[in-house]
Structure formats: C-alpha cells, structure tokens
Amino acid sequence: MSFFFVNALSVNAAKSGRWAVILYLAMLTISLPAFAGLGEDVSSVQADQAHMQGSLRTTQTQAYTLHEIQAPSGIVVREFVSPTGKVFGVAWQGPWPPDMRQILAGYFGQYQQATQAQVNSRAGRRPLVIDQPGLVVQSGGHMRSFSGRAYIPEMLPQGVSAEAIR
Amino acid sequence: MFTVACGGSGSSSGGSTGTTPPSNNVLAISVNAGPNGGYANGAFASVTVCVPSTTTCQTIDDVLVDTGSSGLRLLSSVLTAALPQQKASDGNAVVECLPFVSGYTWGPVQTADIELSGEKASSVPIQVISGSDFPVPTACANFGSPQETLSALGANGILGVGTMAQDCGQGCESASPIYWECPASGCVEAGESLALQVQNPVALFSTDNNGVIIELPAVSGPELTLSGSLIFGIGTQSNNALNGATVYTVDDDGNFITTYNNQSYNQSFIDSGSNGFYFLDSSATGIPVCSDANYFYCPSSTQNLTATNAGSTGTPSGAVSFSVANADNLFNNYSSDNVFEQLAGPNSLSGFDWGLPFFYGRNVFTAIQGHNTPGGTGPYWAY
C-alpha cells in the first residue's frame with residue numbers, strides 16, 4: 001500500500017501563540033458541527049481536532065483519506081474518510097480512551113446500549129467487542145495504554161478491509 | 001462485611017529477642033462466583049480499611065484482585081467506615097474518573113489505612129465508587145457506561161496491585177478527564193501530584209513493598225472454586241523468592257511483547273483482572289466467536305495454541321502454551337462452575353491480554369515500578 005503525504009497542519013498550544021491558538025480553537029468549535037466522528041461528514045474531523053486541541057496530519061491513499069489527530073495528552077485518533085467524504089472508521093490509542101461520544105458521534109448511544117447489554121457475571125471484566133449490523137467496536141488495554149477501533153461495515157469503501165482501520 | 005475495632009489483635013512481641021519477626025505476607029484469595037454470582041475467572045480477597053490513625057476499621061469481602069490496575073477502589077454501597085476526603089492544595093475535594101475498557105468508575109478520592117494480611121499502608125488515597133456524592137461530569141460520562149453498582153462491577157471493589165505505583169502517573173499531573181477537583185460551583189479537570197493520586201497500596205507497605213506474587217494451582221477442567229494466595233514482596237522473605245522465574249521487563253505503559261503466528265504485539269499484558277485469554281480476532285486467529293456472545297471464542301473443537309512472550313526490550317523470551325475451548329459448551333456443560341482455564345475471546349488488535357487463566361498453575365510475580373528486587377528494578381512480570 002502506498003501512502004503519500006499531502007498536508008500537515010500543526011496546532012501547538014504550548015508556546016508563544018497560546019492565546020491566539022485558544023481563540024482560533026474557540027472559533028473552530030463555534031463554527032464547525034458539534035457532532036463529529038463516525039458516520040459524519042469529513043468536515044467534522046476539524047471539530048474533533050479542535051475538541052482534542054490536537055495537531056492534524058492528513059494522508060491520502062487510493063481508497064480513503066486518513067486524518068490523524070494527535071492530542072497533547074498522547075491520545076492519537078485516526079479517522080478514515082471515504083471518497084464520498086464520510087468517516088467510515090475511527091481508531092484510537094493513548095494513556096486513556098478518547099472522548100467516545102465525540103468520535104462515535106451518532107453511534108455513541110448504540111455503543112452504550114451494547115456495552116450495558118454485555119454486563120453479566122459470566123462475561124466478567126475483559127476487552128470490549130461489539131459486532132452488530134451497522135457497528136463494530138473493538139476496545140482493549142488498561143490504564144496508561146488503551147487502544148481500539150470502530151467502523152461501519154456497510155460504509156467500507158470498495159477494496160478496503162477492516163484490517164486497515166487501526 | 002462488618003465493622004470492627006482493630007486494636008488488640010494479639011501481635012504484640014513483648015519479651016522477644018528484639019528482632020522484628022517477618023510480617024504475615026500471605027493474603028488468601030479465592031476464584032469463586034463472586035458477590036454477584038456466576039463470575040467466571042474472578043479472584044477475590046478480603047480487604048480491611050481503617051479511618052487513618054484510628055482503630056475504626058471495616059473488612060470488605062469479595063474485592064477483585066487485579067494486577068492490571070493500580071489502587072484500591074470500593075463501592076460506596078459497601079463502605080460504612082467514614083473515610084476522610086482527599087483534598088487538593090487549594091482545599092477542593094479530589095474526585096476521580098477512572099476509565100476501564102467499556103466504561104468508567106467515578107467517585108471521590110478518600111484516604112484509608114489499608115491492612116492486607118499482616119501488611120499495612122497508612123493514609124492511602126483510594127477511590128470510592130459513587131455516582132451520587134458528586135455529579136458525573138460530561139467528559140467522564142463520555143467514556144461510556146458507569147460501573148458503580150455491584151451488578152455492573154461484579155465485585156465489591158477492585159484491589160489494583162499492578163506494575164505501577166499510581167493509577168495514572170505523570171500524565172495526570174496536568175489537567176485531564178481522569179482527576180477532578182469539585183468545589184461547590186462544580187467539578188473541573190485538574191492536575192494532581194503523584195502523591196495525591198490513587199496509590200498501589202503494596203508500594204506503601206513498610207516492608208514487602210516491591211511487588212506481589214499470585215499463586216494459584218493448576219486445574220484440569222472446570223472447577224467450582226480455586227484457592228490460592230496473594231503474597232507480598234519479591235525476594236524479601238523465605239516464601240517469595242523468584243526461584244529461577246524468568247523476568248520479563250514491562251515498558252512505561254505497562255506492556256510487554258507477545259508474538260503469535262510470526263506477528264509481534266507490543267501492547268500485550270498480563271492481567272489477573274481479565275477473566276480469560278483475550279487476543280486478536282476471528283479474522284486473525286481463524287477461531288469463530290460464539291453466536292450468542294461474540295466476545296468469546298467458540299471453536300468447534302478445543303484449540304491448543306502457542307505464543308511467545310518477551311520482555312519489552314525484546315528479551316528474554318519464552319513460549320506459552322494455552323488452550324481455547326468453546327465458551328458456550330463450557331458455560332452450558334459446567335453451569336455451576338466458576339474456574340475455566342480455557343476461556344478465551346477476541347481483543348482489540350493491539351495484542352494479547354493474558355487474563356486469570358494464565359495464572360492457573362503458574363506463580364506470577366508483578367514487580368512495581370522503581371522498586372528494587374533480586375530480579376532487577378520494576379516494572380516487570382516474572383513467572
């Protein structure tokens with residue numbers, strides 16, 4: 001698979017332009033859709049970036065565009081956008097999980113319901129696997145090292161396997 | 001569960017020769033159905049907490065022993081001892097939102113003297129799990145589902161005796177959705193110094209404080225219960241020597257490397273608080289998941305597999321054999337049992353989660369970060 005670098009936009013809130021950056025982020029938050037992430041339009045990626053106060057790197061492949069957001073906390077969120085401009089998958093890694101409501105967007109309720117439906121003694125404490133029509137979530141790890149992914153099987157672009165979402 | 005005065009426990013050594021006898025460093029653990037019933041592969045122990053510097057104590061049974069986290073967490077519904085609230089330097093209450101894989105525990109950080117067998121740690125910050133003491137902030141609720149009841153947690157609490165000295169560490173010294181300060185005006189994200197964070201109580205013992213061993217016997221099929229020991233200290237007493245166990249170093253994030261089918265997974269870990277072998281997924285393993293519970297594997301016949309564990313630096317390494325049975329058959333054919341050494345399921349793609357079955361028939365050492373042992377400085381696992 002060949003990747004080529006297209007665009008790099010780095011927002012660094014640590015140094016001299018702090019207040020300008022904060023103002024910029026505040027404006028982004030106001031002007032972009034509040035709901036971002038899985039199943040949403042590509043424009044929502046910037047709302048996620050603003051929410052995470054992170055830097056964004058975009059990589060184009062033949063079958064999809066990968067937007068990688070890196071937050072100061074060490075959390076990395078990767079959003080996979082189809083040629084039609086929809087976020088069909090998200091993957092994450094970091095010392096704690098990302099804001100799941102933000103990155104699962106309209107699927108957060110389904111995620112919560114599926115999680116609660118799995119609570120029983122036999123099931124115990126273990127990684128989370130949700131495999132339903134319309135939503136797959138895999139989430140594992142422990143404090144200081146969480147990782148996972150979520151995708152909508154029906155929205156995978158032609159030629160893209162679920163294995164790519166990581 | 002009961003409240004007792006802990007004075008006069010008969011540990012006086014008056015008239016002895018002056019040498020301090022070794023502490024009783026063995027805490028009984030039991031793999032059983034747990035307080036909610038039916039728990040598969042959960043190791044439980046009793047924990048005594050006291051109001052600091054008093055003899056007002058409470059022993060709480062059925063606390064899950066978890067080498068995959070650090071710090072004691074107790075359901076507020078089982079806690080009767082009035083423990084003092086942890087305050088930040090500005091006087092505000094410190095409250096925590098600790099994420100687990102599928103949800104979070106929310107509630108105040110309080111301090112307790114903790115007694116485990118003959119070991120004691122004083123004024124230890126613990127988490128009291130409660131959704132009602134302070135309202136759950138949005139950024140906490142956004143992790144998923146609360147685990148604040150017995151039925152959601154499956155235990156009266158979690159005794160985190162993992163590789164780390166604090167639950168979060170340096171990442172929470174600046175503001176994060178993990179630690180919060182809650183003045184009357186509402187809770188806000190706050191950085192907390194390492195000393196104010198929830199602590200691995202073992203690291204605060206006066207002796208036997210460099211790690212733990214979990215000892216559980218081997219099993220040859222499903223069992224109702226299994227009795228074993230949580231032993232404190234590594235190489236500090238006659239009963240906790242490494243005895244030639246191989247030391248596998250752990251990285252700063254609490255992971256080592258597991259290799260399976262020639263693929264290496266460097267976010268793998270050993271975790272007594274996970275209740276099975278969790279690894280990869282069906283497409284990577286070729287093992288089907290159960291149709292009714294797709295978080296377990298259900299092969300048509302038991303699979304005997306081998307993986308290789310290695311320290312986080314790549315060495316040393318050693319093979320591990322394990323078996324994956326059909327989880328539906330296990331639960332249907334042994335419906336009253338709670339010990340299942342062949343229970344397994346898929347994980348996220350990050351690697352292997354070696355849960356409690358890994359401990360059956362294997363003494364597993366967990367060394368705490370920054371603490372010296374005869375096998376080197378923690379963090380590491382050895383077995």
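What's counted below: heavy atoms across the whole structure, side chains too, no hydrogens, waters or symmetry copies. Lettering follows sequence order; numbering is per chain, from 1.
Heavy atoms closer than 4.5 Å to chain A are found nowhere in B:Y104, neither backbone nor side chain. Contact of B:D353 with chain A is made through the side chain alone, with heavy-atom distances under 4.5 Å. Of the atoms belonging to B:F100, heavy atoms from both backbone and side chain fall under 4.5 Å from chain A. Using a 4.5 Å cut-off between heavy atoms, B:S70 does not touch chain A at all.
Between the side chains of A:H142 and B:N255, at least one donor-acceptor pair of N or O atoms lies under 3.5 Å.
Distance check: A:R125 CZ to B:S69 OG gives 7.5 Å after rounding to the nearest 0.5 Å. A distance of 7.5 Å separates CZ in A:R101 from OG1 in B:T138, rounded to the nearest 0.5 Å. Note: A:F108 CZ to B:N142 CG = 5.5 Å, rounded to the nearest 0.5 Å. Note that the CZ atom of A:F146 and the OG atom of B:S348 stand 10.5 Å from one another [nearest 0.5 Å].
Geometrically, A:R122 does not engage B:Y39 in a cation-pi contact, judged by NZ or CZ lying under 6.0 Å from the ring centre and within 45° of the ring axis.
Chain A forms more heavy-atom pairs under 4.5 Å with one residue of B:G273, B:G42, B:G276, B:A327 than with any other, namely B:G273.
Taking a cutoff of 4.0 Å between a charged side-chain nitrogen and a carboxylate oxygen, A:R126 and B:D271 do not qualify as a salt bridge.
Of the possible polar contacts, one joining the A:R144 side chain to the B:C168 backbone as a donor-acceptor pair under 3.5 Å is found.
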